[in-house]
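Encoded as structure tokens, the structure appears first; notes follow it.
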Amino acid sequence: MKKMRLLFIAVAALLVSCGSGKNVSDNKDNAFKNFNYPEVNFINKAEGTKGWEIYNRIVPDPVALIQESSLGVVKTLYWSDADSIPSVKKINYSFEDKRGISAKGGSVPEISIFYSSRWVEQSAENGGDDKVLYETEGVLFHELVHGYQLEPQGIGSYGTNKVFFAFIEGMADAVRADNGYFPETNRKPGGHWLDGYQTTGFFLQWLKTKDSDFLKKFNRSALEVVPWSFDGAIKHVLGDNYSIDELWDEYQEFLKS
């Protein structure tokens, strides 16, 4: 899997170098033929670190990887490039020697993402090159969701409302999980759907068992359910006979079985 993935990225990098830099590969399908890849400004602030040595070896062209992953995120959240997709025109991606894992800053049309060289080193210690590539792509998917996802309306902001927070972080990890970037062993019973991150994310991904387009519809509910709420969005997507409490209970039973 890792060798095939690295080969794809290498081919994508070659296509970028031979063309305009806007088309990463032939990874677009007809529904996204007009998707505009973001311009990527890659900034290396970890020159000379072990993390940079590992990252540079495993990711032959980070610009190609970031652009390809952007399309992967958009395909998970939307049906086509005709949807209401936030127009991310530029991504400033910095590889830095500091604590933490990664974070997204800024807002459309220009966002920033930092990724820690120390996390790369830790991942390598825990699982070698395979683990580094898996984590690097998974973390990237999570942060890119924050650039391309829709946001709830009428309920405050990320820092003022727990529901808003849970939607934002839950959807980011749901998309990451749906693209295979979390081990299933991470999915455990307990917690609450408002916890965000993996607890909410795995739950939202599981709701695809009710509707295969659930993640796309749930994302779009941010435009259609105002003021937004989890239960309101659930009813909007799946029908009035569903409730967030009952689905959460069903999900917990599923995890225990």
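This structure is a prediction, so every number in the text was calculated from the model and none was measured.
Ring pair Phe95/Tyr93: centre-to-centre distance not below 6.0 Å. Taking the six-membered ring wherever Trp is involved, the centroid distance between the rings of Phe218 and Phe167 falls below 6.0 Å.
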- Would Asp173 and Thr200 count as a side-chain contact (heavy atoms from CB on, under 4.5 Å) if you check the C-alpha gap in whole Å, the side-chain angles of each, and the deciding distance to 0.1 Å? CA-CA 8 Å; Asp173 271 358; Thr200 306; over 6 Å; no

- side-chain contact (heavy atoms from CB on, under 4.5 Å) assessment of Ser69 paired with Phe141: CA-CA 6 Å; Ser69 299; Phe141 259 69; 3.7 Å; yes

- Message: Run Arg220 and Asp83 through salt bridge (charged side-chain N to carboxylate O under 4.0 Å, His left out) and show every step you take.
- Response: CA-CA 9 Å; Arg220 190 175 65 184; Asp83 291 331; 5.8 Å; no

Can you list, pair by pair, the side-chain donor-acceptor contacts under 3.5 Å of residues 238-249, counting residues two or more places apart and other chains?
residue, atom, partner, partner atom, Å
Ser243, OG, Glu246, N, 3.2

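Annotation: side chain of Pro183 is in contact with side chain of Tyr134 (closest heavy-atom distance under 4.5 Å). Contact annotation: the side chain of Leu207 approaches that of Ile234 to within less than 4.5 Å [non-hydrogen atoms, C-beta and beyond]. The shortest side-chain heavy-atom distance between Ile101 and Val139 falls under the 4.5 Å cut-off. Here the side chains of Ser70 and Ile91 are in contact, with some heavy-atom distance below 4.5 Å.
In this structure, Arg118 does not pair ionically with Glu121, as no charged nitrogen and carboxylate oxygen lie closer than 4.0 Å. Between Asp81 and Lys28 there is no salt bridge, since none of the side-chain N atoms of the basic residue sits less than 4.0 Å from a carboxylate O of the acidic one. Using a 4.0 Å cut-off between charged side-chain N and carboxylate O, Asp97 and Lys45 make no salt bridge.
Residues meeting the side-chain hydrogen bond (donor to acceptor under 3.5 Å, both in side chains) test with Tyr55, sequence neighbours left out: none. Looking at residues two or more places apart in sequence or on another chain, you find a ring pair (Phe, Tyr, Trp, His ring centres under 6.0 Å) between Phe165 and Tyr158, Tyr197. Checked against side-chain contact (heavy atoms from CB on, under 4.5 Å), Arg187 has the following partners two or more places apart in sequence or in another chain: Glu184, Phe202, Tyr251, Phe254, Leu255. Glu125 meets the side-chain contact (heavy atoms from CB on, under 4.5 Å) test with no other residue; sequence neighbours excluded. Trp119 meets the ring pair (Phe, Tyr, Trp, His ring centres under 6.0 Å) test with no other residue; sequence neighbours excluded. Legend: residues meeting side-chain contact (heavy atoms from CB on, under 4.5 Å) with Asp195, ordered by chain and number and at least two apart, are His192, Thr199. Residues satisfying the salt bridge (Lys or Arg N to Asp or Glu O under 4.0 Å) test with Lys216, not counting sequence neighbours, are none. Residues that satisfy the side-chain contact (heavy atoms from CB on, under 4.5 Å) test with His146, not counting sequence neighbours, are Lys104, His142, Glu143, Gln149, Ile168, Glu169, Ala172. With sequence neighbours excluded, the residues forming a salt bridge (Lys or Arg N to Asp or Glu O under 4.0 Å) with Lys208 are Asp178, listed by chain and number. Scanning for salt bridge (Lys or Arg N to Asp or Glu O under 4.0 Å) contacts around Lys89 gives an empty result, with sequence neighbours left out. In this view, Lys162 satisfies the salt bridge (Lys or Arg N to Asp or Glu O under 4.0 Å) rule with no residue, not counting sequence neighbours.
Within 6.0 Å of NZ in Lys131 there are 12 or fewer heavy atoms belonging to other residues, nucleotides or ligands.
No single ILVMFWY cluster, assembled from side-chain heavy atoms under 4.5 Å apart, contains both Ile113 and Ile43. A single hydrophobic cluster is seen to contain both Val175 and Ile66, as judged by linkage of ILVMFWY side chains at heavy-atom distances under 4.5 Å, directly or through other members.
Summarising the geometry of Leu223 relative to Ser84, their closest heavy-atom pair is CD1-CB, 3.9 Å, with the distance given to 0.1 Å. Residues Asp213 and Trp79 come closest through the heavy atom pair OD2-NE1, 3.4 Å. Residues Trp228 and Ala222 share a closest heavy-atom pair of CD1-CA, 3.8 Å. Val120 and Val132 get closest at one heavy-atom pair: O-CG2, 3.6 Å.
Between Tyr37 and the choices Val88, Val63, Leu71, Val74, the side-chain contact (heavy atoms from CB on, under 4.5 Å) rule is met once, by Leu71.
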